[in-house]
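Read the structure below first, then the notes.
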Amino acid sequence: MTVLDGARERRVRTGGVELCVAELGDPGRPTVVLVHGYPDSKEVWSEVAARLADAFHVVLYDVRGHGRSTAPSPLRGGFTLEKLTDDFLAVADAVSPDRPVHLVGHDWGSVQSWEFVTVKRTEGRIASFTSMSGPSLDHFGHWINKRLRRPTPRRVGQLLGQGAKSWYVYLLHTPVLPELAWRGPLGKRWPGILERVEKVPGSDYPTASLPSDAAHGAWLYRDNVRARLRRPREDAYAHAPVQLITPLGDAFLSERLYDGLELWAPRLTRRTLPAKHWVPRTRPDRLADWITEFVNATEDGRPGTAANGAYADRFGGQLVLVTGAGNGIGRATAFAFAEAGARVVAVDRDAEAAARTAELSRLIGAPDAWAETVDVSDEQAMEKLAARVAAEYGVVDVLVNNAGIGLSGSFFDTTPDDWRKVLDVNLWGVIHGCRLFGRQMAERGQGGHIVNTASAAAFQPSRALPAYGTSKAAVLMLSECLRAELAGQDIGVTAICPGLVNTNITSTAHFAGADAEEEKRLQRRTARLYGARNYPPEKVADAVLEAIVHNRAVVPVTPEARGAHLLSRFAPRVLRGLARVKPPL
């Protein structure tokens, strides 16, 4: 079995070479052409292609000199962008003579595809272009020139940063040495390097042709980079809609390289992905979803319809699970992710409330949203939920442990049963979520983020909240410890610490030592207090998304929470004094 088992193969002759072309899916459907990078062959796309084949006619080809395609002779001058464009047109004419194709490129596949989508002779042959980890050399040249002509400290820093990331380009321009390295020790060790550094799963990729592919591919750089960067084209405008997918952990390309890309690609949709360079192997699920969405939108005449909420480029298409999503902060957080185009799993012990959150999330902008019912304090139920989510929806990219209950009253009025209830939900619910979904993130090896809802009570003592404050302080410390442990696996952990937020937690809060009638009275008075404060849960949700984007550890949200956090660090005696004040209830 090959990594493209079941593919139909054909040979396409062009420009003195013979290209190996593989096809999957129904030729009557829209054609998606996948172009590989360096030092890969078409098999780098096998996981993505398999996911696309049910909906599209998927075409992959080995770039000249790679895989099972023949190499030009001589090699020098045989890999120019002009000749690579000839190859693309020959493939497109062979596999889709009557309809334009949807182009997808990674690494050098993206570099050459930028050429395809910006030259006049391909107009009408490309319906859309999805680019990842490979800029246009023309755009790159203008990017460099702009920073050289008008240097500022920031622009100089950007030049130096990208220059450091491009170290391998300089080496590939040296004669003979790259070929010797790839045909020798580097070619043998490359699969292990990808697995160790890039977390590329071990498989029958890369193929056995890697040493010769990499040796031939050095001429991609030698034939094009210096010449094009010195004299970038002035008319390098994309004549088709473009989707840009930027891996945030790319070791070779800076995000800043795409600043101002809208000038060259007016119909631009941006996506970002918390991953490293080789996303076709590490995140084929996410790429397939985004390619499918973009191709379908283009076919329907509505390109660029990706979610446009805050941070849509960061969370679009990601899988986000929120506990306690039936109301309050949890529901607002689910909605914020939905507006950003995330796929949302709304979890709550109230099945009707969870279903309503999922329904509204779909209306707001989530491409998919599902409701799940579970009591987060139930270990076995949480284990079943984690297994079901992984099997039906995939590994969670963002976990928000938000479910919680309120408990007020003096320490001596708080019974052991009261303690168990608040700790089971507020602490053990977070532990279960982190342990089960966090482990799935870690085993996947592609990062993620965990958000645990703590409280200002985590660092602000109160005579009225001994049990609640203890549970939230434990959540805060758990988050700090877990953040340290998972940092090396690119999994961020954040503790969100709101103060008084206008939610219905007050209507369900328990008051230790109070009878039923007194508890109802206290709940009403507390609700009025929170209502008068009127701090909306939507602001907490916004803080959650911003904290993930900036990978913040502890985020006090409301003004009183920020003030208490500041006092806890610099004037703890003041907080201790305030803790003695009896609440006005």
Side-chain angles (χ1 to χ4, degrees), residues 1-14 17-71 84-97 99-113 116-117 125-134 200 203-210 213 216-217 220 243 245 278-285 287-288 290-292 294-295:
M1 178 182 291
T2 69
V3 290
L4 286 172
D5 187 51
R8 307 178 298 276
E9 285 196 358
R10 69 167 83 192
R11 314 293 291 187
V12 174
R13 296 181 180 275
T14 171
V17 299
E18 189 175 73
L19 303 177
C20 179
V21 181
E23 298 176 67
L24 296 166
D26 182 356
R29 294 182 174 178
T31 298
V32 178
V33 178
L34 307 173
V35 188
H36 69 80
Y38 178 85
D40 295 316
S41 58
K42 64 181 182 298
E43 281 75 17
V44 73
W45 289 112
S46 61
E47 295 290 336
V48 176
R51 289 168 167 80
L52 295 175
D54 288 340
F56 305 111
H57 174 216
V58 182
V59 175
L60 317 85
Y61 69 95
D62 287 319
V63 172
R64 55 172 55 204
H66 295 69
R68 296 173 60 193
S69 293
T70 61
L84 296 172
T85 304
D86 292 339
D87 294 350
F88 161 71
L89 285 172
V91 170
D93 289 344
V95 300
S96 183
R99 295 178 62 183
V101 302
H102 297 271
L103 184 62
V104 181
H106 172 254
D107 189 82
W108 249 94
S110 177
V111 174
Q112 59 182 293
S113 293
F116 308 160
V117 81
R125 297 299 289 123
I126 300 172
S128 73
F129 170 41
T130 295
S131 164
M132 60 197 79
S133 300
V200 171
S203 65
D204 46 0
Y205 161 85
T207 63
S209 64
L210 169 68
D213 295 346
H216 292 154
L220 290 167
Q243 175 176 223
I245 299 175
W278 261 272
V279 285
R281 300 305 299 183
T282 59
R283 294 308 308 271
D285 53 342
L287 298 189
W290 281 341
I291 293 167
T292 298
F294 193 63
V295 169

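All of these numbers come straight from a predicted model, not from anything done at the bench.
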For the CH2 atom of W45 and the CG atom of L287, what is their distance to the nearest 0.5 Å? 6.5 Å
Using 0.5 Å steps for rounding, measure from the CG atom of L89 to the OG1 atom of T14. 8.5 Å
Going by heavy atoms in the side chains, are F129 and F116 under 4.5 Å from each other? no
Got a second to check how far L103's CG is from I126's CD1, nearest 0.5 Å? 5.0 Å
Among residues at least two apart in sequence or on other chains, which ones pass side-chain contact (heavy atoms from CB on, under 4.5 Å) with V111? W108, P135, L137
Output all residues satisfying side-chain contact (heavy atoms from CB on, under 4.5 Å) with D62, sequence neighbours left out; order by chain, then residue number. C20, H36, S41, K42, E43, R68, S69
Could you walk me through whether I291 and V48 pass the side-chain contact (heavy atoms from CB on, under 4.5 Å) check? CA-CA 9 Å; I291 293 167; V48 176; 4.1 Å; yes
Please examine the side chains of W278 and V44, heavy atoms only from C-beta on, and report whether any two atoms are closer than 4.5 Å. yes
Which value, rounded to the nearest 0.5 Å, describes the distance between I245 atom CD1 and S133 atom OG? 9.0 Å
Can you sort out the partners of R29 under side-chain hydrogen bond (donor to acceptor under 3.5 Å, both in side chains), two or more places apart, ordered by chain and number? none
Would you find a donor on one side and an acceptor on the other, under 3.5 Å apart, between the side chain of D107 and the backbone of G109? no
side-chain contact (heavy atoms from CB on, under 4.5 Å) filter on R13, not counting sequence neighbours, yields E18
Residues in side-chain hydrogen bond (donor to acceptor under 3.5 Å, both in side chains) contact with Q112, at least two apart in sequence or another chain: none
Considering only heavy atoms from C-beta outward, does the side chain of S96 approach that of V101 to under 4.5 Å? yes
Step by step, would you call L84 with R64 a side-chain contact (heavy atoms from CB on, under 4.5 Å)? CA-CA 8 Å; L84 296 172; R64 55 172 55 204; 4.0 Å; yes
Taken in chain and number order and not counting sequence neighbours, the residues that satisfy side-chain contact (heavy atoms from CB on, under 4.5 Å) with A94 are R10, V12
F56: partners by ring-ring contact (aromatic ring centres under 6.0 Å, His included), with sequence neighbours left out: none
Exactly one of R99, H57, E23 clears side chain to side chain donor-acceptor pair (under 3.5 Å) with T31, and that residue is H57
Report the residues that fulfil side-chain hydrogen bond (donor to acceptor under 3.5 Å, both in side chains) with T130, sequence neighbours left out, ordered by chain and then residue number. Q243
Which is it for L24 and V59 under the side-chain contact (heavy atoms from CB on, under 4.5 Å) test, yes or no, and what are the steps along the way? CA-CA 7 Å; L24 296 166; V59 175; over 6 Å; no
Partners meeting salt bridge (charged side-chain N to carboxylate O under 4.0 Å, His left out) with R283 (sequence neighbours left out): D285, D397
Could I get the full list of side-chain hydrogen bond (donor to acceptor under 3.5 Å, both in side chains) partners for H102, not counting sequence neighbours? S128, E299
Establish, from distance only, whether the side-chain atoms of D40 and Y205 form a donor-acceptor pair under 3.5 Å. yes
